[in-house]
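The sequence lines fix the lettering, A, B, ..., with proteins before strands; numbering per chain opens at 1. Values in this document were obtained by computation on a predicted structure and should not be read as measured data.
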2 protein chains.
Amino acid sequence: METIGSEQRDLLRTTSSEGCGVERTLKVLDGKWTTLIVRELLSGPKRFGDLRTALGSPSAKTLTDRLRALEHQRILTRTVYAEVPPRVVYRLTEEGESLSDVLYAMLRWGEEHPLTDD
Amino acid sequence: METIGSEQRDLLRTTSSEGCGVERTLKVLDGKWTTLIVRELLSGPKRFGDLRTALGSPSAKTLTDRLRALEHQRILTRTVYAEVPPRVVYRLTEEGESLSDVLYAMLRWGEEHPLTDD
DNA sequence: TTATATAGTTTCCGTATGGAAACCATTGGC
DNA sequence: GCCAATGGTTTCCATACGGAAACTATATAA
């Protein structure tokens, strides 16, 4: 029983190493917290502080770096509300939302293959 | 139009940050070349040298490290043929093959979202 | 007047990652 | 007797990554 159809296999086979779609996705999801940030935002927009808490407190610097990178790649938007203290909300763009297919595939694989040792 | 069904969204929402399936998958696919190695092997078993060429010549040390890690996690098997010069073949296990769902999702996303600048 | 909350920024630093280069083992072929 | 080919291993090193701590801005509340 195949886990992959011939159509999919062909796509994977014929794509060159350079500029392959897989590499493009890897580039976007690069960095220690990046993928998890997207996962958090898939359940709705979140504030900076909420993200930090949900992720288990990465350093402010690191979280800022990742958010800025994702913003630059148009995966999410950053909205500052002119209040005091400031409120900043991050929300996925349509492009960011579309990463849910990748995230969900990861989620399923991870749950179907619990780690044996390690 | 939603890109994710309510069933999927619920799964992503209710999973805690620790031990989430996404994190498990990230752990397996960790490292610079890891995901690309799996992509290469999805089109069939490959020798060490073939992998190096296909990937664009990562250092031997790095490739060895990644292959050993994937072997340890039972994503692939390493078969040594007692010939001279030696021939070593790497092939995905069933578990490794099942990563095709993740890889294919990445491939599609990457192809549907070519980079604008960067 | 001072404290407080949020969302940073900046500086500094330790570690991990990955690459380059040199070296090794084996044996069939010249 | 020596070289080539394969698939490594070992050592060394530069950089990138990410964390900790200290600092900042602002307006409201006490």
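In terms of phosphate contacts, A/Ser59 brings no side-chain nitrogen or oxygen within less than 4.0 Å of OP1 or OP2 of D/dA20. Side-chain N/O atoms of A/Lys32 include none lying less than 4.0 angstrom from OP1 or OP2 on D/dA16.
Spacing between atom CG of A/Leu51 and atom P of C/dG8 amounts to 10 Å, rounded to whole angstrom units. For the pair B/Tyr81 OH and C/dT26 C1', the computed distance is 19 Å after rounding to whole Å. When rounded to the nearest whole Å, the span between CG of A/Asp30 and C1' of D/dC17 equals 10 Å. Taking atom CZ of residue B/Arg52 and atom C1' of nucleotide C/dG19, one finds them 10 Å apart after rounding to whole Å.
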Q: Test side chain to side chain contact (heavy atoms under 4.5 Å, CB included) on A/Leu99 and A/Leu29 and set out the steps.
A: CA-CA 10 Å; A/Leu99 277 169; A/Leu29 295 181; 4.1 Å; yes
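Partners of A/Lys32 under the salt bridge (Lys or Arg N to Asp or Glu O under 4.0 Å) rule, at least two apart in sequence or in another chain, do not exist in this structure. Considering only residues two or more places apart in sequence or on other chains, B/Pro86 meets the side-chain contact (heavy atoms from CB on, under 4.5 Å) condition with none of them. Shown here are the side-chain contact (heavy atoms from CB on, under 4.5 Å) partners of B/Glu112, two or more places apart in sequence or in another chain: B/Arg108.
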Q | nucleotides 1-12 of chain D: protein proximity per nucleotide (B base, S sugar-phosphate only, - neither; heavy atom, under 4.0 Å) | A | ----BBSSBBB-
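Here salt bridge (charged side-chain N to carboxylate O under 4.0 Å, His left out) pairs that include residues 80-90 of chain B, with residues two or more places apart or in two chains, are B/Glu83-B/Arg87. The salt bridge (charged side-chain N to carboxylate O under 4.0 Å, His left out) pairs that include a residue from residues 46-61 of chain B are B/Lys61-B/Asp65, where partners are two or more places apart or lie in different chains.
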